[in-house]
**Q** 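Pasting a structure below so you can have a look.
In this chain, numbering begins with 1 at the start of the sequence shown.
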Amino acid sequence: MSLIFRHGIASMTSYKNASKVVCIGRNYADHVKELNNQRPKQPFFFLKPPSSILPPGAGPVIRPKGADLHYEVELALIMGKQVKDLEASEETVALDAVESYALSIDMTARNAQNEAKKKGLPWDISKGFDTFLPISEIIPKSAIPDPHNIELYLSVNNKMQQEDNTNLMLFTIPRILSDISKVMTLEKGDIVLTGTPKGVGSVVPGDVMRAGIKVNGKELPESKIEVGVEESTSTYEFTET
């Protein structure tokens, strides 16, 4: 059994332990602007179902018929212990609760999301399709000494689309975990996505996304994602509600 295959199995097993995937929205100012959203006064979050997780090597992202499919590269936190009612000032406690990291791509049916926002409806459809969360291998904490100072990037067909540092986050990881944990308990194995920088855009069937993390200019091998996009063969087609 190859080392890569063993890593893939380990990642898949770890991700299956997630009871939920909590996603921080609007956590980079330039991304807020590019989607004409309001800058939040506190962390804003929503959920993706664990069934949306696409582990390394598990196949392509499937675009539902009628969907304007967008990519959003994000640093993911893999929780190592239960967190409940955490204070943002408890920075060491917050970071100690993170067991490991991963890179993720929060796939979004943007037209479905825009309609939901306009009509005051939930976003679940826009974020929740199967394969809508490609994720990298598990990244050990030792590989990322400071999660607030790493570079995230994503390219489409080898053209760079997103490339920014996590030091641009509006809300730091302790504040994020504090606000989430005061609403819902974070369990061991849960995944927290920390927001996406500017540069989000559409992909279509035949496109290939490549993403990764650089620490001090050096790429982390475990962070690499390479995933294609294919059209769904399901009879489902998104139409306005």
**Q** M169 versus Y28: any side-chain heavy-atom pair under 4.5 Å?
**A**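 Yes; the side chains approach each other to less than 4.5 Å.
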**Q** Do P205 and E230 have side-chain heavy atoms sitting under 4.5 Å apart?
**A**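 A side-chain contact under 4.5 Å is absent here.
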**Q** Does the side-chain contact (heavy atoms from CB on, under 4.5 Å) test come out yes or no for I225 and M209, once each step is laid out?
**A** CA-CA 8 Å; I225 297 175; M209 296 174 287; over 6 Å; no
**Q** Give a yes or no on this: more than 12 heavy atoms of other residues, nucleotides or ligands lie within 6.0 Å of atom NZ of K41.
**A**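 No - once you tally the heavy atoms of other residues, nucleotides and ligands closer than 6.0 Å, there are 12 at most.
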**Q** Between V93, V98, L95, which is the residue that forms a side chain to side chain contact (heavy atoms under 4.5 Å, CB included) with L177?
**A**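 The single option meeting the side chain to side chain contact (heavy atoms under 4.5 Å, CB included) with L177 is V98.
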**Q** Which pair of heavy atoms, one from G212 and one from L103, lies closest together, and at what distance?
**A**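 Result for this residue pair: N-CD2, 3.2 Å.
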**Q** Between NZ of K198 and CD of E163, what distance do you get to the nearest 0.5 Å?
**A**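 Those atoms lie 9.0 Å apart.
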**Q** Can you measure from CG (N17) to NZ (K188) and round to the nearest 0.5 angstrom?
**A**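 The NZ atom of K188 is 8.0 Å from CG of N17, to the nearest 0.5 Å.
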**Q** With a 3.5 Å distance limit and no angle check, can you tell me whether T131 reaches the backbone of I62 through a side-chain donor-acceptor pair?
**A**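 Judged by distance alone, yes, a pair lies under 3.5 Å.
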**Q** Identify the two heavy atoms, one from S223 and one from S136, that lie closest to each other, and give their separation to 0.1 Å.
**A**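 Scanning both residues, the minimum pair turns out to be O-CB, 3.5 Å.
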**Q** To the nearest 0.5 Å, tell me how far N167 CG sits from E151 CD.
**A**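 One finds 10.0 Å between CG of N167 and CD of E151.
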**Q** Calculate, to the nearest 0.5 Å, the distance between atoms CG and CG belonging to L168 and N149 respectively.
**A**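 Rounded to the nearest 0.5 Å, the CG-CG separation comes to 10.0 Å.
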**Q** Check this for me: K141, atom NZ, are more than 12 non-hydrogen atoms of other residues, nucleotides or ligands nearer than 6.0 Å?
**A**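 It does: K141 NZ has more than 12 such atoms within range.
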**Q** Look at the side-chain heavy atoms of Ile, Leu, Val, Met, Phe, Trp and Tyr, link any pair under 4.5 Å apart, and say whether L69 and Y236 land in one connected group.
**A**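 They do share one cluster, since a chain of ILVMFWY contacts under 4.5 Å joins L69 to Y236.
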**Q** Determine the minimum heavy-atom distance between R26 and L170, stating which atoms define it.
**A**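 For R26 and L170, the tightest heavy-atom pair comes out as O-CD1, 3.5 Å.
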**Q** Determine whether the aromatic ring centres of W123 and F132 lie less than 6.0 Å apart.
**A**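 W123 vs F132: aromatic centres not under 6.0 Å.
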**Q** Please write out which residues are connected to Y153 in a hydrophobic cluster, directly or through intermediates, given that two of Ile, Leu, Val, Met, Phe, Trp, Tyr count as joined at side-chain heavy-atom separations below 4.5 angstrom.
**A**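 For the cluster that includes Y153, the remaining residues are M160.
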**Q** Between N27 and F171, is there a donor-acceptor pair closer than 3.5 Å when you use the side chain of the first and the backbone of the second?
**A**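 Yes, because the side chain of N27 sits within donor-acceptor range (under 3.5 Å) of the backbone of F171.
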**Q** Are L152 and I139 connected in a single hydrophobic cluster, I mean Ile/Leu/Val/Met/Phe/Trp/Tyr linked by side-chain heavy atoms less than 4.5 Å apart?
**A**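 Result: yes, single cluster for both.
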**Q** Using modelled atom types and a 3.5 Å cut-off, is there a donor and acceptor pairing between side-chain atoms of Y71 and backbone atoms of S155?
**A**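 Not at all, since once roles are kept as given, no pair shorter than 3.5 Å links the two residues.
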**Q** Among I135, I24, D106, whose side chain to side chain contact (heavy atoms under 4.5 Å, CB included) with L193 holds?
**A**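 Of all the options given, the one that passes is D106.
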**Q** So, the side chain of K127 versus the backbone of S52: is there a donor-acceptor pair under 3.5 Å, distance only?
**A**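 Such a contact is absent between K127 side chain and S52 backbone.
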**Q** What closest approach, in Å, do H148 and T166 show between heavy atoms, and which atom pair accounts for it?
**A**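 Scanning both residues completely, I find the closest heavy atoms to be C-OG1, 3.1 Å.
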**Q** Go through the steps to decide whether E222 and I138 satisfy the test side-chain contact (heavy atoms from CB on, under 4.5 Å), and finish with yes or no.
**A** CA-CA 7 Å; E222 304 95 332; I138 296 290; over 6 Å; no
**Q** Pick one: which of T172, D179, I180 meets side chain to side chain contact (heavy atoms under 4.5 Å, CB included) with I176?
**A**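 Output: one option passes, namely I180.
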**Q** Looking only at atom types and distance, does a side-chain atom of Q113 sit under 3.5 Å from a main-chain N or O of T108, one as donor and one as acceptor?
**A**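 Answer holds: no.
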**Q** I'd like to know if L133 and V229 are part of one continuous hydrophobic network [Ile/Leu/Val/Met/Phe/Trp/Tyr, side-chain heavy atoms within less than 4.5 Å].
**A**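 V229 and L133: separate clusters.
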**Q** Under a 4.5 Å side-chain heavy-atom rule over Ile, Leu, Val, Met, Phe, Trp and Tyr, are L75 and F44 clustered together?
**A**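 Different hydrophobic clusters.
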**Q** Using the side chain to side chain contact (heavy atoms under 4.5 Å, CB included) rule, pick out the option among D207, V204, D68 that qualifies with R63.
**A**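 So, applying the side chain to side chain contact (heavy atoms under 4.5 Å, CB included) to R63 and each of D207, V204, D68, only V204 qualifies.
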**Q** Taking a hydrophobic cluster as the set of Ile, Leu, Val, Met, Phe, Trp and Tyr residues connected by side-chain heavy atoms closer than 4.5 Å, whether directly or through intermediates, do M184 and L186 fall within one such cluster?
**A**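 Both belong to a single hydrophobic cluster.
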**Q** When rounded to the nearest 0.5 angstrom, what is the spacing between CD in E74 and CD in Q162?
**A**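 So the gap between those two atoms works out to 8.5 Å.
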**Q** Determine the minimum heavy-atom distance between Y15 and P56, stating which atoms define it.
**A**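 Result for this residue pair: CE1-CD, 4.4 Å.
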**Q** Any side-chain heavy atom of P64 within less than 4.5 Å of one from F238?
**A**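 Side-chain contact under 4.5 Å: no.
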**Q** Kindly give the heavy-atom pair with the smallest separation between I105 and A211, and that separation in Å.
**A**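 Answer, listing the atom of I105 first, then A211: CD1-CB, 4.3 Å.
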**Q** From I191 CD1 over to I53 CD1, what is the distance, rounded to the nearest 0.5 angstrom?
**A**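 I191 atom CD1 to I53 atom CD1 measures 4.0 Å (nearest 0.5 Å).
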**Q** May I have the step-by-step check of side-chain contact (heavy atoms from CB on, under 4.5 Å) for R210 and K224, ending in yes or no?
**A** CA-CA 7 Å; R210 295 179 176 88; K224 288 186 177 181; over 6 Å; no
**Q** Just by distance, do the side chain of S181 and the backbone of L86 share a donor-acceptor pair under 3.5 Å?
**A**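 Judged by distance alone, yes, a pair lies under 3.5 Å.
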**Q** When you check the gap from the basic side-chain N to the acidic O, do K81 and E99 get nearer than 4.0 Å?
**A**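 Answer for the salt bridge query: no.
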**Q** Are there over 12 heavy-atom neighbours, none belonging to D85, within less than 6.0 Å of that residue's CG?
**A**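 Counting other residues, nucleotides and ligands, CG of D85 exceeds 12 neighbours.
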**Q** Any carboxylate oxygen within less than 4.0 angstrom of a Lys/Arg side-chain nitrogen, looking at K20 and D190?
**A**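 Yes, charged N to carboxylate O under 4.0 Å.
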**Q** Evaluate the side-chain contact (heavy atoms from CB on, under 4.5 Å) criterion for residues Y101 and I150: first the C-alpha distance (whole Å), next the side-chain angles of each, then the deciding distance (0.1 Å), finally the verdict.
**A** CA-CA 12 Å; Y101 300 102; I150 60 173; over 6 Å; no
